[in-house]
Amino acid sequence: MNVKTYGDAFTGIDISPHPCGFYLVLSGPPRPPGAVRHHQWRISAAYLFDARVLLDTLTSRGVKIGVATSLRRADVEAVQVFPLAGPGAPLRLTPEQTALLSEFA
């Protein structure tokens, strides 16, 4: 498991060369255009990518893999596990797990 934290997961993620089975991405709320960066750490969404599926998908599209790997909105939304599960989410959180993650919002 490779855990990532981002202010906004839709801006791309760092896909490192270290082998892992999954990327868990904890994301804060999107920043409005022109907004000043702040240092509040909040979790508004969590995404769980199967590393092999993600790499195969990106490679088939010819996406450059690296520090700021671009993702399609549909790719990210499909694997969302919090606050709601996306259609391609590799797992479903229990109500207790969802409540615990909500504490970070």
Side-chain angles (χ1 to χ4, degrees):
M1 176 78 61
N2 191 323
V3 180
K4 309 282 188 186
T5 60
Y6 294 99
D8 182 1
F10 292 101
T11 60
I13 67 171
D14 176 8
I15 298 180
S16 62
H18 306 292
C20 67
F22 291 89
Y23 290 100
L24 173 62
V25 177
L26 304 173
S27 178
R31 196 175 47 193
V36 177
R37 287 193 148 188
H38 56 82
H39 296 287
Q40 291 181 328
W41 192 78
R42 299 186 300 166
I43 299 173
S44 62
Y47 309 93
L48 186 62
F49 294 91
D50 180 307
R52 176 169 299 299
V53 172
L54 178 61
L55 289 172
D56 288 348
T57 299
L58 296 174
T59 301
S60 72
R61 287 188 201 145
V63 173
K64 183 177 177 185
I65 306 298
V67 174
T69 304
S70 296
L71 302 173
R72 290 181 178 169
R73 180 169 289 277
D75 296 334
V76 177
E77 290 173 346
V79 297
Q80 183 171 329
V81 294
F82 172 80
L84 301 172
L91 65 82
R92 306 281 187 227
L93 299 182
T94 66
E96 180 182 16
Q97 291 167 325
T98 300
L100 290 170
L101 274 175
S102 295
E103 294 292 323
F104 291 96

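- Distance check, rounded to the nearest 0.5 Å: CG of L58 to CG of L71 gives 6.0 Å.
- Applying the side chain to side chain contact (heavy atoms under 4.5 Å, CB included) test to A105 and every residue at least two apart in sequence or in another chain returns nothing.
- Residues satisfying the side-chain hydrogen bond (donor to acceptor under 3.5 Å, both in side chains) test with T94, not counting sequence neighbours, are Q97.
- One finds the CG atom of N2 at 9.5 Å from the CG atom of L24 (value rounded to the nearest 0.5 Å).
- Take Y6 and apply the ring pair (Phe, Tyr, Trp, His ring centres under 6.0 Å) test, not counting sequence neighbours, and it matches no residue.
- Counting only residues at least two apart or in different chains, salt bridge (Lys or Arg N to Asp or Glu O under 4.0 Å) contacts with residues 82-97 are absent.
- Screening residues 76-87 for salt bridge (Lys or Arg N to Asp or Glu O under 4.0 Å) gives R73-E77 as the qualifying pairs, with residues at least two apart or on separate chains.
- Across all their heavy atoms, A51 and C20 have their closest contact at CB-O, 3.3 Å.
- Placement of M1 and L101 within a single hydrophobic cluster is found when ILVMFWY residues are connected by side-chain heavy-atom separations under 4.5 Å, directly or transitively.
- Identified under the ring-ring contact (aromatic ring centres under 6.0 Å, His included) test for residues 42-81, with sequence neighbours left out: none.
- Screening residues 49-65 for salt bridge (Lys or Arg N to Asp or Glu O under 4.0 Å), with sequence neighbours left out, gives R61-D75.
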For residues 81-91, which side-chain N or O atoms pair as donor and acceptor with protein atoms under 3.5 Å away, sequence neighbours left out?
none

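- Looking at K4, its side chain never comes within 3.5 Å of a backbone N or O of Y23 through a donor-acceptor pair.
- Separation of atoms CD1 (I13) and OG1 (T5) is listed at 12.0 Å; rounding is to 0.5 Å.
- Pairs passing the ring-ring contact (aromatic ring centres under 6.0 Å, His included) check and including a residue from residues 86-105, sequence neighbours excluded, read W41-F104.
- Under the 4.5 Å side-chain contact rule for hydrophobic residues, I65 and V67 do not share a cluster.
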